[in-house]
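Input: a single structure, listed below in structure tokens.
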Amino acid sequence: MKAKLVLLAGLATLVSPLATQAYIVNNSSSFDVAMGYAVSPNTWKTTESAATNTPNTAVNATPFTVGDFNITITATGSGFSSNGPYFPSRVMTDGDGNGLAAYNNEFTISITYNGPAGPFGTTPGSEQVTLAIDSISIYALKYPGYGQSTINWDETTVGHTGSGPGVAILESNALTLASNYTNVAWTTATDLTALGSTGTTITRYFEIPPGATGGTTDQSYAAFDGFVVQGTANFSYDIPEPASLGLLALGAAALLGRRRF
């Protein structure tokens, strides 16, 4: 009995420091996607220029792969006017009467981790997937009699809501002039994390409030174009430091050897 007590006490002494000596190993993939009006197809809800996206395979509502992550970015909205600006190479430029300004926009960013689980030795329960949104922005104009003069971003993800700062936008009926559109940006610097490994999905929802349900006097009833979102998908897990693993193995072997006498 005494030998068993010594064994248990010794193992407890060796194991306890491991909780504070674990370190995180990351598997990260960044994305930087822009959408805006494109002449063909005749909708703003598409990739404005594939060459300026990271990765260049990002198209509205079409899944793309970066590293071990499957990512889908979706922009939805209605046409505010048949007149609007252009957004080539992420730069607002004057329209020619054939553009399209949108309103009541809603945006979703979804990731699924498809890589391997943590290797042998990973601390049980430490595996997690994170979706970090570093910045989300859009250009907006207040048309006379519609919308509001100050607007902001909202995140509506269940359990992870938030609001960005209010930004004053210009009022004008000249929808084709790029200089009338104000960039409304939210550098969120927020993460959403879910415990899990291979196959874990995280989806986050953003809008200019109140999104698709907005009436003509709400923030979301403005003329919009030029949407950009930047973020990082991340898988992480804890593993004990090598020195701690070695100490535990040696200590366990010594204690078990002592138990034989």
Examine Tyr103 and Tyr205 and state if one hydrophobic cluster contains both, with Ile, Leu, Val, Met, Phe, Trp and Tyr joined whenever side-chain heavy atoms are less than 4.5 Å apart. no
Straight-line distance of Asn114 CG to Asn70 CG, nearest 0.5 Å: 6.0 Å
I need the Thr213 OG1 to Asp218 CG distance, nearest 0.5 Å. 7.0 Å
In short, Val33 meets Ala58 closest at the heavy-atom pair CG2-CB, 3.5 Å
Looking only at side-chain N and O atoms, does Tyr237 offer a donor or acceptor that is under 3.5 Å from a partner on Asn27? no
Taking atom OH of Tyr146 as the centre, report whether more than 12 heavy atoms of other residues, nucleotides or ligands fall under 6.0 Å from it. no
Using a 4.5 Å cut-off on heavy atoms from C-beta on, say whether the side chain of Asp68 contacts that of Ser29. no
So does Glu106 get a backbone contact from the side chain of Thr76, meaning a donor-acceptor N/O pair under 3.5 Å? yes
Which residue is it: Asn105, Ile109, Val229? I am looking for the one with a side chain to side chain contact (heavy atoms under 4.5 Å, CB included) to Phe206. Ile109
Just checking, is any N or O donor in the side chain of Asn180 or Ser172 under 3.5 Å from an acceptor N or O on the other one? yes
Which residue is it: Phe64, Phe31, Tyr113? I am looking for the one with a ring-ring contact (aromatic ring centres under 6.0 Å, His included) to Phe69. Tyr113
Ignoring hydrogens and geometry, is there a side-chain-to-backbone donor-acceptor pair from His160 to Asp191 under 3.5 Å? yes
Tightest non-hydrogen contact, residues Ala194 and Thr200, listed as CB-CG2, 4.3 Å
Would you compute the distance between atom CD of Glu155 and atom CD1 of Ile133 and round it to the nearest 0.5 angstrom? 7.5 Å
Heavy-atom pair of closest approach, residues Leu141 and Ala174: CD1-O, 3.9 Å
Between Thr190 and Arg204, is any side-chain donor less than 3.5 angstrom from a side-chain acceptor? yes
Group every Ile, Leu, Val, Met, Phe, Trp and Tyr by side-chain heavy-atom contacts under 4.5 Å, then state whether Val129 and Val25 land in the same group. yes
Could you check if a side-chain atom of Trp186 sits within less than 4.5 angstrom of a side-chain atom of Pro165, using non-hydrogen atoms only? yes
For residues Asn104 and Ser220, is any side-chain donor paired with an opposing acceptor at under 3.5 Å? yes
Rounded to the nearest 0.5 Å, what separates atom CG in Leu177 from atom CE in Met92? 10.5 Å
Kindly indicate whether the side chain of Ile73, heavy atoms from C-beta on, has any atom under 4.5 Å from the side chain of Met35. yes
Mind checking whether Gln128 and Leu195 have side chains closer than 4.5 Å, heavy atoms only? yes
Shortest non-hydrogen separation from Arg90 to Asn53 and the atoms involved: NH2-OD1, 3.2 Å
Closest non-hydrogen contact found for Gly121 with Pro240 is O-CD, 3.3 Å
Could you grab the distance from atom CG of Leu192 to atom OG1 of Thr130, nearest 0.5 Å is fine? 8.0 Å
Partner of Thr201 under side chain to side chain contact (heavy atoms under 4.5 Å, CB included), chosen from Ile111, Leu131, Thr112: Thr112
Please assess Val184 against Phe224 for the test side-chain contact (heavy atoms from CB on, under 4.5 Å), listing each intermediate value before the final yes or no. CA-CA 10 Å; Val184 181; Phe224 293 117; 6.0 Å; no
Tyr86 and side chain to side chain donor-acceptor pair (under 3.5 Å): which partner among Thr176, Thr93, Asp96? Asp96
Test item: Thr74 and Asn60 side chains (from C-beta on) under 4.5 Å apart, heavy atoms: yes
So Glu127 and Phe235, do their side chains get closer than 4.5 Å, heavy atoms only? yes
Passing candidate, ring-ring contact (aromatic ring centres under 6.0 Å, His included) with Phe227, options Tyr181, Phe107, Tyr139: Phe107
Between Asp154 and Pro210, is there a side-chain heavy-atom distance shorter than 4.5 Å? no
Under 4.5 Å between any side-chain heavy atoms of Phe87 and Val228, yes or no? yes
Side-chain (Asp94) to main-chain (Ala178) donor-acceptor, under 3.5 angstrom: yes
Taking all atoms of both residues into account, what is the closest heavy-atom pair of Ile169 and Gln148, and its distance? CD1-O, 3.6 Å
Atom CD in Glu207, atom OG1 in Thr108: separation rounded to 0.5 Å? 12.0 Å
